[in-house]
Number of protein chains: 2
Amino acid sequence: MNTENKNANIVLKKFENFIRKKKLRNTNERNIILKEIYKNEGHFNPDDLYIRLKLAGYNISRATVYNTLQLLEEANLIIKHYFKENSAIYEKVNFSSPHYHLICIKCGKVTEFEEKEIKQLVKRIVGKYGHKHLNHSMYIYGLCKLCNSF
Amino acid sequence: MNTENKNANIVLKKFENFIRKKKLRNTNERNIILKEIYKNEGHFNPDDLYIRLKLAGYNISRATVYNTLQLLEEANLIIKHYFKENSAIYEKVNFSSPHYHLICIKCGKVTEFEEKEIKQLVKRIVGKYGHKHLNHSMYIYGLCKLCNSF
DNA sequence: CTATTTGCAAACTATTTGCAGACCT
DNA sequence: AGGTCTGCAAATAGTTTGCAAATAG
């Protein structure tokens, strides 16, 4: 079995547990949406996903897409970002290598980077405040090389 | 002169420089908005600000408020956050102590924290990617003490 | 069975835009 | 004087909601 399928199976399992624990219902729509997300790479917004499902032949409403994305976020299977207003951007949780974002406030370009140190730092902070840690994001705002030279 | 006024003067000066450098115009509205922001503490959204200006007797349109907030962000005098969708949240740049945010994905509570290490880390990363650094944010998502116990 | 979930369309809300007039430089 | 900036109202875009029908448990 390839890595992609393995990951997809892990998240389906996790989602099933989450659903059971919360006494929610295991619907086709929810599973289809989760699979569609894990079939693809990179960032996506709710409408991207809605269109992709449409093209794949599924008749799943926007309401259900939004609804399910919220559930998946609570289940810690996707992360929600807000690079700019009026559009939430999601990405799959990457179990092996969390990464962070450099954002150009001029052109909106998003550059990803990794940084092992951050994980330790976050662990310490969360402990201090008694939170249950689900996820974390780091956004560095500035001007990218190109925008900075004009 | 108290600290508040001193800070307000520094930012007015900085904004003036920014305006000049960009060959923009030094309008009353822009200065009124900037002063109003620095008169207050904590987070605010564009509409909060609009209402506050209204109540203070200024007839400044939403369009101008949005417009100016964008300028102030570019001038690095305010930071924009997206704690949840459909509403940008701003705060003044705090020249002495940058701080970061723990966000509860259940109840939306935002807890601020400081962490000196982060600044160094960010400096290193930005250098690596050739960005011009303006600001950075760290968001840690999870469940706050209260939400985690239910 | 029955309470949750769904699809649909309409509603809502934050932000942006177009335009005519006002105002910096 | 000339182009930028403003206020206003209408337009836009993302998300949520209300309701009737479908469906999981």
Side-chain angles (χ1 to χ4, degrees), chain A residues 12 15-34 36 43-75 78 80-90 105-106 108, chain B residues 12 15-36 43-75 78 80-90 105 108:
Chain A
L12 283 169
F15 191 48
E16 204 186 305
N17 287 338
F18 177 82
I19 289 285
R20 198 178 11 240
K21 213 163 72 182
K22 292 263 181 182
K23 296 193 196 312
L24 300 172
R25 290 182 181 176
N26 185 7
T27 69
N28 267 331
E29 287 81 359
R30 287 172 175 168
N31 287 312
I32 290 166
I33 291 172
L34 181 51
E36 184 61 38
H43 300 140
F44 64 94
N45 63 36
D47 216 61
D48 289 343
L49 184 56
Y50 170 75
I51 300 289
R52 255 160 48 196
L53 289 162
K54 209 55 146 185
L55 291 176
Y58 299 109
N59 190 32
I60 295 180
S61 70
R62 278 196 177 78
T64 301
V65 169
Y66 276 96
N67 217 346
T68 303
L69 287 174
Q70 207 167 305
L71 274 186
L72 292 174
E73 194 195 359
E74 267 189 68
I78 58 178
K80 194 180 206 169
H81 295 287
Y82 310 103
F83 296 137
K84 59 187 189 69
E85 58 257 283
N86 277 342
S87 178
I89 296 285
Y90 290 88
I105 66 164
K106 199 94 177 234
Chain B
L12 283 170
F15 191 48
E16 206 187 304
N17 286 339
F18 176 83
I19 289 287
R20 202 185 1 248
K21 212 163 72 182
K22 291 265 178 179
K23 296 192 198 311
L24 300 172
R25 291 184 180 174
N26 185 6
T27 68
N28 269 330
E29 288 80 359
R30 287 173 176 167
N31 287 313
I32 290 166
I33 290 172
L34 181 51
K35 280 185 210 155
E36 184 60 39
H43 301 138
F44 64 93
N45 64 39
D47 216 61
D48 289 343
L49 184 56
Y50 170 75
I51 299 290
R52 258 162 44 197
L53 290 161
K54 210 52 146 187
L55 291 177
Y58 298 110
N59 191 30
I60 296 180
S61 70
R62 277 197 178 76
T64 301
V65 170
Y66 276 97
N67 219 345
T68 303
L69 286 174
Q70 208 168 305
L71 275 186
L72 293 174
E73 193 194 358
E74 267 189 70
I78 57 176
K80 194 182 208 170
H81 295 286
Y82 310 103
F83 296 137
K84 58 186 189 65
E85 59 258 280
N86 277 340
S87 178
I89 296 284
Y90 290 88
I105 65 163

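The sequence lines fix the lettering, A, B, ..., with proteins before strands; numbering per chain opens at 1.
Across the protein-nucleic acid pair, Glu29(A) atom CD and dT5(C) atom P stand 11 Å apart, rounded to whole Å. Between Asn67(A) atom CG and dC8(C) atom P there is a gap of 15 Å when expressed in whole angstrom units. Between the OH atom of Tyr50(A) and the P atom of dT15(D) there is a distance of 14 Å, rounded to whole Å. Remark: C1' of dT4(D) and NZ of Lys22(B) are 16 Å apart, rounded to the nearest angstrom. Counting to the nearest Å, the P atom of dT5(C) and the CG atom of Leu34(A) are 16 Å from each other. Across the protein-nucleic acid pair, Ile19(A) atom CD1 and dG25(D) atom P stand 9 Å apart, rounded to whole Å. One interatomic measurement links the two molecules: CG of Asn59(A) to P of dA9(C), which rounds to 11 Å at whole-angstrom precision. In this structure, the OH atom of Tyr66(B) is 15 Å from the P atom of dG7(D), given to the nearest Å.
Taking each heavy atom of Pro46(A) and Ala88(A) in turn, the nearest pair found is CD-O, 3.4 Å. Here the closest non-hydrogen pair linking Ala75(A) and Phe15(A) is CB-CD1, 4.4 Å. Between Asn26(A) and Ile19(A), the shortest heavy-atom contact is N-CG2, 3.9 Å. Scanning both residues, Ile33(B) and Leu53(B), for their nearest heavy atoms gives CG1-CD1, 3.9 Å. Minimum interatomic distance between Arg30(B) and Leu24(B) (heavy atoms only, all atoms of both residues): NH1-CB, 4.0 Å.
Using a 4.5 Å heavy-atom cutoff, the side chains of Glu36(B) and Leu49(B) are in contact.
For the helix from dC1(C)-dG25(D) to dT25(C)-dA1(D), the axis fitted to the five pairs at one end and the axis fitted to the five pairs at the other end meet at an angle of 40° (nearest 10 degrees).
Residue Thr27(B) places at least one side-chain N or O under 4.0 Å from the OP1 or OP2 atom of dT6(D). Between Thr64(B) and the phosphate of dG7(D), there is a side-chain N or O to OP1/OP2 separation shorter than 4.0 Å.
Under the 30°/60° scheme for interplanar angles, the aromatic rings of His43(B) and His81(B) are found to stand perpendicular.
Minimum atom distance to the side chain of Ala88(B) is reached by dT15(C), of the listed dT4(C), dT15(C), dC5(D). Proximity note for Arg25(B) (side chain, C-beta onward) versus dC23(C), dT5(C), dC8(D): the nearest is dC23(C).
Positionally, the nearest nucleotide of DNA chain D for Lys23(B) lies more toward the 5' end than for the other of Lys54(B) and Lys23(B). Mapped onto DNA chain C by nearest heavy atom, Pro46(B) and Thr68(A) fall at different nucleotides, with Thr68(A) at the one closer to the 5' end. Positionally, the nearest nucleotide of DNA chain C for Arg30(A) lies more toward the 5' end than for the other of Leu24(B) and Arg30(A).
Residue contacts for Asn26(A): at a heavy-atom cut-off of 4.0 Å it reaches the sugar-phosphate backbone alone, with no base atom in range. No contact: Asp47(B) has no heavy atom under 4.0 Å from any strand.
Between the side chain of Asp48(A) and the backbone N or O of Asn45(A) there is at least one donor-acceptor pair closer than 3.5 Å.
At a cut-off of 3.5 angstrom, counting only N and O atoms as typed in the model, there is no donor on one side facing an acceptor on the other between the side-chain of Arg62(B) and the base of dG7(D).
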